[in-house]
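All remarks here apply to the structure that follows.
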Amino acid sequence: MTPEKPLSTGEATRPATAPLYAAGFVTAFGAHSIAAGLGAESGNIGLTLLNLGILLALYDVAEVFLKPVFGALSDRIGAKPVIIGGLFAFAALSLIGLGAADPLILALARLGQGAAASAFSPSSSAMVARMARGGKAGTYFGRYGSWKSLGYIIGPPLGAGLILAGGFPLLFGTLSALAAVTAVWVLVSVPHLAPLPRKRYTLMDLARQVGERRFLVPTLVLAAATGALGAAVGFLPALATRHGMDALAGTVAVSVVALGSVLTQPWVGRLRDRSAVTDNRGSTTGLLLIAAGIGLVAAAPGVVTIFVAAAFIGTGIGAVTPLGFAHLADTTPPERMGRTMGSAELGRELGDAGGPLLVGGIATATALPFGLGALALLVAAASIPRLGPVEPAGPNN
């Protein structure tokens with residue numbers, strides 16, 4: 001068995017990868033547009049705070065359990081059919097939300113969307129990784145992450161606008177159409193990459209591979225960055241309100257975080273591919289920027305420092321994310337790329353849930369600055385383990 005060769009120039013072009021970036025946008029836009037709408041409309045549809053929390057969590061709960069499963073499936077049958085199937089499933093299950101006046105219907109739609117996103121999200125990452133082999137992983141993942149961040153930025157305001165114009169049915173209908181169009185785009189424009197031969201793995205093999213340093217360290221880096229993002233989205237608006245700013249200012253602070261990530265990711269990815277930045281140095285710098293931003297707003301919250309912190313956090317996340325995924329792409333055997341990306345996405349989901357929980361738990365027992373300070377220390381600590389040099393893994397290694 002020989003290692004996978006990079007795709008030819010004609011295959012690994014922007015027209016071929018753009019639909020994969022669109023798939024990343026769909027999952028981010030779908031998650032955040034509905035989450036914002038649920039919060040805004042909870043009183044109108046009879047949601048208690050507990051029910052609201054459950055509905056917000058359902059999308060992520062489905063992803064935590066199913067992403068590694070669908071990632072492994074993409075290794076077995078190929079990533080393209082899993083992406084297309086997941087997107088069409090997302091489109092179909094979004095139609096449940098056309099009757100979204102009832103919380104149970106909303107819950108079913110939200111859970112179904114999360115399950116479908118669990119299929120096409122890690123499979124898209126795996127497809128990007130395979131198409132980028134040959135020294136372009138940083139550039140490709142920089143663009144992919146930037147499009148996902150764009151979904152995080154415009155999801156809440158666009159979702160709120162659609163709900164205002166036509167209620168939840170219009171939002172769910174728009175998401176269904178967007179997913180269906182993206183599925184057709186993938187079908188037409190993305191080349192089919194046949195699954196690679198794989199040896200049979202025992203449970204001990206799987207445990208050893210998940211415990212490998214080349215997987216654990218970049219996944220820890222990604223989880224730390226995502227945990228900081230989740231905490232920033234939740235707590236920067238709360239800090240803004242506490243210091244005399246209105247709700248719009250808090251929303252703008254979150255947008256600064258997302259915008260910093262959108263602008264930084266493609267740039268850092270290109271620098272990596274030109275060997276102008278190493279994975280280790282870039283991710284360490286990014287995590288320390290995030291920790292500095294969180295630490296600043298914990299120690300001296302105020303009108304100016306909240307926005308400076310948001311810029312630091314967004315830029316740090318933008319540096320860390322493409323480097324972490326590109327490192328995984330370049331050090332994972334191609335025949336198990338899907339499972340690796342699915343497991344790494346699971347690590348990010350746990351970070352996304354763990355960051356806000358850590359801050360909220362400590363803040364409840366003490367005060368919000370202590371919760372943010374603890375998160376800053378943990379993010380800084382995540383920069384200590386070093387990413388090793390990129391040594392492409394051969395088949396079945």
Side-chain angles (χ1 to χ4, degrees), residues 137-138 141-142 144-146 148-149 152 213-236 254 256-272 276-299 305-306 308-331 344-359 362 369 371-390:
F141 275 105
Y144 182 71
S146 183
K148 290 190 78 169
S149 294
Y152 297 141
R213 182 181 180 84
R214 65 186 179 190
F215 172 80
L216 281 180
V217 176
T219 301
L220 171 65
V221 166
L222 291 168
T226 308
L229 175 61
V233 168
F235 291 103
L236 284 181
V254 173
V256 170
V257 174
L259 186 61
S261 178
V262 166
L263 296 177
T264 304
Q265 289 196 55
W267 175 63
V268 169
R270 290 191 297 270
L271 288 178
R272 179 194 189 265
V277 63
T278 64
D279 293 345
N280 187 68
R281 181 172 297 178
S283 61
T284 298
T285 301
L287 288 174
L288 291 178
L289 266 177
I290 296 170
I294 299 171
L296 173 64
V297 82
T305 55
I306 286 174
V308 173
F312 279 13
I313 294 168
T315 302
I317 292 169
V320 164
T321 303
L323 295 177
F325 275 115
H327 190 88
L328 286 169
D330 283 345
T331 58
E345 290 276 5
L346 169 59
R348 295 186 80 206
E349 294 294 338
L350 294 175
D352 194 22
L357 284 174
L358 172 73
V359 174
I362 295 177
L372 291 169
L375 179 61
L377 290 175
L378 286 179
V379 172
S383 69
I384 296 174
R386 296 181 61 83
L387 289 169
V390 174

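FYI, side chains are in, hydrogens and waters are out, and symmetry mates aren't considered; it's all heavy atoms of this structure. Count residues from 1 along the sequence.
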* To do: Please name the pair of heavy atoms, one in Ala329 and one in Phe141, separated by the smallest distance, quoted to 0.1 Å.
  => CB-CE1, 3.7 Å
* To do: Sequence neighbours left out, what passes side chain to side chain contact (heavy atoms under 4.5 Å, CB included) with Leu378? Give chain and number order.
  => Leu358
* Pairing residues for Thr284 by the side chain to side chain contact (heavy atoms under 4.5 Å, CB included) criterion, not counting sequence neighbours -> Asn280, Leu288, Ser383
* Can you name the nearest heavy-atom pair linking Gly351 to Pro356, along with the distance? -> O-CD, 4.3 Å
* **Residues that Tyr144 engages under ring pair (Phe, Tyr, Trp, His ring centres under 6.0 Å), provided they are two or more places apart** => none
* Value rounded to 0.5 Å, distance of CG in Leu287 from CD1 in Ile317 -> 10.0 Å
Donor-acceptor pairs under 3.5 angstrom involving side-chain atoms of residues 215-236: please list them, not counting sequence neighbours.
residue: Thr219; atom: OG1; partner: Phe215; partner atom: O; Å: 2.7
residue: Thr226; atom: OG1; partner: Leu222; partner atom: O; Å: 2.8
residue: Thr226; atom: OG1; partner: Arg348; partner atom: NE; Å: 3.1

* Derivation and outcome, side-chain contact (heavy atoms from CB on, under 4.5 Å), residues Arg281 and Thr285 -> CA-CA 6 Å; Arg281 181 172 297 178; Thr285 301; 4.3 Å; yes
Return a table of donor-acceptor pairs under 3.5 angstrom between the side chains of residues 256-264 and protein atoms on other chains or two or more places apart.
residue: Ser261; atom: OG; partner: Ser149; partner atom: OG; Å: 3.0
residue: Ser261; atom: OG; partner: Gln265; partner atom: NE2; Å: 2.9
residue: Thr264; atom: OG1; partner: Gly260; partner atom: O; Å: 2.6

* **Smallest separation among heavy atoms of His327 and Asp279, with atom names** => ND1-OD2, 2.8 Å
Got a list of side-chain donor-acceptor pairs under 3.5 Å for residues 290-299, not counting sequence neighbours?
none

* Minimum heavy-atom separation for Gly282 to Ala319, with atom names? -> O-CB, 4.3 Å
